[in-house]
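Read the structure below first, then the notes.
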Amino acid sequence: MDQRIINLYDEYTHSGISRKDFLKKLAVLTGGTAMALTVLPLLENNYVAAAETDKENLSLENITYPGVEGEMKAFLAKPKGKKHLGAVLVIHENRGLNPHTIAVTKRVAAAGFLAIGVDALSPFGGTPADEDKARELIGQLDPDKNLQNYLKGLDYLRKHKDGNGKVGCVGFCWGGGMANKLAVNDPELLAAVAYYGAQAKTEDVGKIKANILLHYAGLDERINAGIPAYEAALKLHHIPYQLFIYEGVNHAFNNDTSPTRYNEAAAKLAWGRTIDLFKSKLS
């Protein structure tokens, strides 16, 4: 697919551009409204395509934990009958806790961890089915309260009866930025993995105690612009980190429900590196 179309979709999903204006621009790039409507399903997420994890060996449940103002909703997954597990908090993209993020949470559990996918939109009643509405609500979250809600999620995992007290996090897109924020704000966090997420502020990097793993897409100019300053700060403060740029792939390359951006080879390589870090630091 024309890279300009993918870039336009990225702009639409990460800025204030309206759906109406997006479709107008898409029509220009594709040669007309009819073709734009044909291309659109290839750009939008198809949750039926999400890789399904064998659920027979997993314990799955919807849980809540105390947030700043009310209960936070989350999806919990862990290996059946297992205890003393390392724990991982999974942080969704800017579409909320959707079927894709739930599938990722199951994959973390299948790798041998206690995992929760937290719904950041709990203060609004939870993630709506309408992705445009979910993105709108993400923009309305109070940043400080949202951060505290995730920090409380990390505390929930540390105290969970089936955990070993060791906790890490992994986030994607919007969640990747949150993973970096959690690394700055939680000195007990042992591992933070950020997929194509906004970098931490350079002046805050010295607060990081966790091991950092950063996955970036080679074609993701918007996010990649922040790499040099972040990496320089990580080096300056001697923060243990790994940084990988997967050439020729787009933002959201890990999302197997996004057909035009998913890249199987890059996703598998990045996932293997992610699980290796968790096994090393949380087991």
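These numbers come from the heavy atoms of this one structure, side chains and all, not from hydrogens, waters or symmetry mates. Computed from a predicted structure; not experimentally measured.
- Shortest non-hydrogen contact noted between Ile275 and Ala111 is CD1-CB, 3.8 Å.
- Taking NE2 from His251 and OG from Ser258, the interatomic distance works out to 9.5 Å, rounded to the nearest 0.5 Å.
- A salt bridge is defined here as a Lys NZ or Arg NE, NH1 or NH2 lying under 4.0 Å from an Asp or Glu carboxylate O, and Lys82 with Asp162 fails to meet this definition.
- Of the charged side-chain nitrogens involved, at least one lies within less than 4.0 Å of a carboxylate oxygen, so that Arg135 and Asp132 count as a salt-bridged pair.
- In the hydrophobic clustering (ILVMFWY side chains linked at under 4.5 Å, chained through shared members), Tyr262 stands by itself.
- Thr202 and Tyr230 make their closest contact through CG2-N, 4.4 Å (heavy atoms, listed as atom of the first residue, atom of the second, distance).
- Residues passing the side-chain hydrogen bond (donor to acceptor under 3.5 Å, both in side chains) test with Tyr65, sequence neighbours excluded: none.
- In this structure, Arg261 does not pair ionically with Asp256, as no charged nitrogen and carboxylate oxygen lie closer than 4.0 Å.
- Each of Tyr246, Tyr241, Tyr196 was scored for a ring pair (Phe, Tyr, Trp, His ring centres under 6.0 Å) with His215, with one residue passing: Tyr246.
- Asn250 and Gln3 share a side-chain donor-acceptor pair at under 3.5 Å.
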Exercise. Test side-chain hydrogen bond (donor to acceptor under 3.5 Å, both in side chains) on Glu247 and Tyr216 and set out the steps.
Key: CA-CA 9 Å; Glu247 297 299 340; Tyr216 293 107; over 6 Å; no
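- Between Arg158 and Asp155 a salt bridge is recorded (basic side-chain N to carboxylate O distance below 4.0 Å).
- In summary, the side chains of Glu93 and Tyr195 do not present any donor paired with an acceptor at a separation below 3.5 Å, with no hydrogens or angles considered.
- When all heavy atoms of Pro79 and Leu85 are compared, the closest pair comes out as CD-CD1, 3.7 Å.
- For the pair Lys281 and Lys166, the tightest heavy-atom approach, listed with the atom from each and the gap, is O-CD, 3.9 Å.
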